[in-house]
Amino acid sequence: MNANLEELRTKLDTVNKELLRLLNERAEVVQAIGEIKEKQGVPKFDPVRERKMLDELTALNPGPFRDASIKHIFKEIFKASLNLQEEDHKRQLLVSRKKQPENTIIDVKGNLIGGSAQVMIAGPCSVESYEQLRTVAAALKEAGIKVMRGGAFKPRTSPYDFQGLGVEGLKMLKEVADEFGLATISEIVHPGHIELAEQYIDVIQIGARNMQNFELLKAAGEAKIPVLLKRGIAATLEEFVHAAEYIVVKGNTQVMLIERGIRTYEKWTRNTLDISAVPLLKQETHLPVLVDVTHSTGRKDILLPCAKAALAAGADGIMVEVHPDPQTALSDAAQQLDIPQFQQLWEGMRNSGLFTE
Ligand code: PEP
Ligand code: MN
């Protein structure tokens with residue numbers, strides 16, 4: 001009896017090996033078909049052909065396997081074959097590390113972002129007045145910070161809230177940036193305003209609410225200045241990376257990604273800062289990755305530990321909102337730091353040893 005079992009097992013092993021050889025022989029034919037279909041631009045999956053093969057096989061089936069089992073087994077083989085064809089021709093995104101192993105380094109008015117040094121971007125949520133902006137700019141300059149943010153076109157939840165100063169705000173940014181020798185970042189919400197942005201600011205911000213505004217992404221892809229793309233409030237990293245691809249495929253390779261928190265059930269923070277996004281985006285793409293600690297937390301009291309966490313995770317920079325008098329700010333009053341609070345945060349970041357200037 002035992003001898004017989006051994007014999008049968010040996011026979012089974014031989015059949016397995018033969019099946020293995022045949023399956024791979026089949027896979028090679030499948031790959032060759034995949035190549036032809038790729039060249040012809042026709043879909044890899046052909047349901048009519050699959051149905052025909054299944055019908056032929058069940059018609060020829062002598063048993064003991066029942067037809068349903070044969071169908072099931074072959075359906076699995078067909079599925080694996082289709083995967084093989086698709087894997088062979090998987091498009092590699094332009095923003096992916098596989099496509100470009102070295103980091104993209106972006107030159108923002110002489111400040112290199114994505115290289116060995118990190119960048120601090122600070123400024124008010126909204127540009128409100130020339131005086132407000134000058135006060136912030138002076139504080140930034142004194143602190144040695146080179147890049148200032150400030151919204152001129154504000155995408156607000158309510159249409160009754162302050163919508164920003166628009167072009168006037170961009171003009172103020174330019175004037176103040178020239179006076180203090182700073183680079184500027186401001187959000188653009190309309191594809192028709194890209195050229196306007198090029199005239200007045202150094203980096204176009206695409207906000208969280210517009211991360212999948214594809215016409216805006218395409219227009220930003222034609223811009224001659226860098227783009228800072230914010231992660232959407234409910235965007236997966238896959239969607240975020242594809243949004244960046246929309247810009248890069250149009251020719252603008254100067255794209256930076258910024259994690260700004262995602263919406264979860266948590267109420268103690270405005271959004272949930274997804275620190276894991278930082279190493280994942282650094283791993284999967286070659287673009288600079290920044291963290292906006294202000295919008296992700298919506299608070300002022302945990303910015304230093306969050307900024308440290310971001311830097312420790314490999315972020316290329318930090319963004320924070322600062323306002324001369326946050327209580328009277330026309331947007332995001334609760335989360336903006338005043339100038340002394342900002343100086344304290346900046347000091348803490350520099351002392352942490354995590355910020356390389
Ligand atoms: C902003 O940076 O001012 C802003 C509106 O941010 P987000 O798009 O991330 O909400
Ligand atoms: Mn804001």
Side-chain angles (χ1 to χ4, degrees), residues 119-128 132-133 136 147-159 161-166 169-170 172-173 183-190 193 197 201-213 216-217 220 226-237 239-240 243-244 247 255-264 269-274 277-278 281 289-300 303 306-307 310 315 317-338 341-342 345:
V119 67
M120 176 63 156
I121 302 169
C125 180
S126 300
V127 175
E128 296 171 5
Q132 171 233 24
L133 205 56
V136 176
V147 190
M148 178 169 69
R149 60 150 286 144
F153 295 95
K154 297 302 297 177
R156 304 302 300 283
T157 303
S158 164
D161 286 340
F162 176 62
Q163 303 284 307
L165 298 179
L170 294 186
M172 284 180 193
L173 277 167
T184 53
I185 296 188
S186 196
E187 179 165 355
I188 294 296
V189 296
H190 195 287
H193 286 163
I201 55 174
D202 302 298
V203 178
I204 293 168
Q205 176 171 311
I206 293 187
R209 290 154 194 81
N210 273 323
M211 190 207 81
Q212 282 189 318
N213 179 338
L216 183 61
L217 297 174
V227 177
L228 178 68
L229 179 64
K230 292 194 131 191
R231 181 179 183 181
I233 59 168
T236 64
L237 294 177
E239 288 162 343
F240 192 16
I247 304 171
V255 177
M256 297 175 263
L257 303 173
I258 182 160
E259 158 65 28
R260 47 78 73 207
I262 47 173
R263 183 166 287 179
T264 69
T269 51
R270 180 176 173 184
N271 291 289
T272 294
L273 171 57
D274 177 10
V278 177
L281 293 168
V289 177
L290 285 73
V291 171
D292 174 344
V293 286
T294 297
H295 291 92
S296 52
T297 62
R299 323 178 41 128
K300 306 189 219 190
L303 297 189
C306 290
I318 300 294
M319 181 186 264
V320 64
E321 283 185 346
V322 48
H323 190 287
D325 182 15
Q327 279 179 353
T328 63
L330 295 175
S331 59
D332 286 349
Q335 69 184 22
Q336 302 198 62
L337 296 178
D338 63 22
Q341 286 165 337
F342 169 73
L345 168 73

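Given the structure is predicted, the values throughout are model-derived calculations rather than measurements. Just follow the structure's listing: the first ligand is 1, and inside any ligand the first atom is 1.
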Would Arg231 count as a contact of ligand 1 if the rule is a heavy atom under 4.0 Å away?
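Outside the 4.0 Å threshold, so no.
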Any Met319 heavy atom less than 4.0 Å from ligand 1
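Outside the 4.0 Å threshold, so no.
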Taking the Mn ion (ligand 2) as the centre, count the protein N/O/S atoms lying under 2.8 Å from it.
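Protein heteroatoms (N, O, S) closer than 2.8 Å to the Mn ion (ligand 2) number 4.
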Would you call Glu321-Arg149 a salt bridge at under 4.0 Å N-O?
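Yes, Glu321 and Arg149 are salt-bridged.
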Pair His193 and Phe153, ring centroids less than 6.0 Å apart
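Yes, they do, as the ring centres are separated by less than 6.0 Å.
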Can you name the residues that form a side chain to side chain contact (heavy atoms under 4.5 Å, CB included) with Ala277, not counting sequence neighbours?
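Counting only residues at least two positions away or on another chain, Ala277 forms a side chain to side chain contact (heavy atoms under 4.5 Å, CB included) with Arg231, Leu237, Glu259, Asp274, Leu281.
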For [X] and [Y], does a side-chain donor sit closer than 3.5 Å to a side-chain acceptor?
{"X": "Ser331", "Y": "Ser126", "value": "yes"}
{"X": "His323", "Y": "Asp332", "value": "no"}
{"X": "Arg156", "Y": "Gln163", "value": "no"}

Using a strict 4.0 Å cut-off to heavy atoms of [X], name the atoms of ligand 1 that fall inside it.
{"X": "Gly207", "result": "8 (O)"}
{"X": "Arg209", "result": "7 (P), 8 (O), 10 (O)"}
{"X": "His295", "result": "1 (C), 2 (O), 3 (O), 4 (C), 6 (O)"}
{"X": "Glu321", "result": "3 (O)"}

For the student: nearest non-hydrogen atoms of Met120 and Phe342, plus distance
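That closest heavy-atom pairing would be CE-CE1, 3.5 Å.
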State, to 0.1 Å, how close Lys300 and Pro326 come at their nearest heavy-atom pair, and which atoms those are.
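The pair with the smallest heavy-atom distance is NZ-CB, 4.3 Å.
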Identify, for [atom], the protein heavy atom at the shortest distance, and state residue, atom and that distance.
{"atom": "atom 8 (O) of ligand 1", "answer": "Ala208 N, 2.7 Å"}
{"atom": "atom 9 (O) of ligand 1", "answer": "Arg260 NE, 2.6 Å"}
{"atom": "atom 5 (C) of ligand 1", "answer": "Glu187 OE1, 3.8 Å"}
{"atom": "atom 6 (O) of ligand 1", "answer": "Lys230 NZ, 2.8 Å"}

Can you spot which of Leu133, Ile121, Val127, Ile201 makes a side chain to side chain contact (heavy atoms under 4.5 Å, CB included) with Met148?
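For Met148, the side chain to side chain contact (heavy atoms under 4.5 Å, CB included) check succeeds only for Leu133.
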Under the side-chain hydrogen bond (donor to acceptor under 3.5 Å, both in side chains) rule, collect the residues that match up with Asp161, sequence neighbours excluded.
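Testing Asp161 for side-chain hydrogen bond (donor to acceptor under 3.5 Å, both in side chains), a comparison that skips the adjacent residues, returns none.
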Name the atoms and distances for all side-chain donor-acceptor pairs under 3.5 Å in residues 202-211, with sequence neighbours left out.
residue: Asp202; atom: OD2; partner: Thr184; partner atom: N; Å: 2.8
residue: Asp202; atom: OD2; partner: Thr184; partner atom: OG1; Å: 3.4
residue: Asn210; atom: OD1; partner: Asn213; partner atom: ND2; Å: 3.1

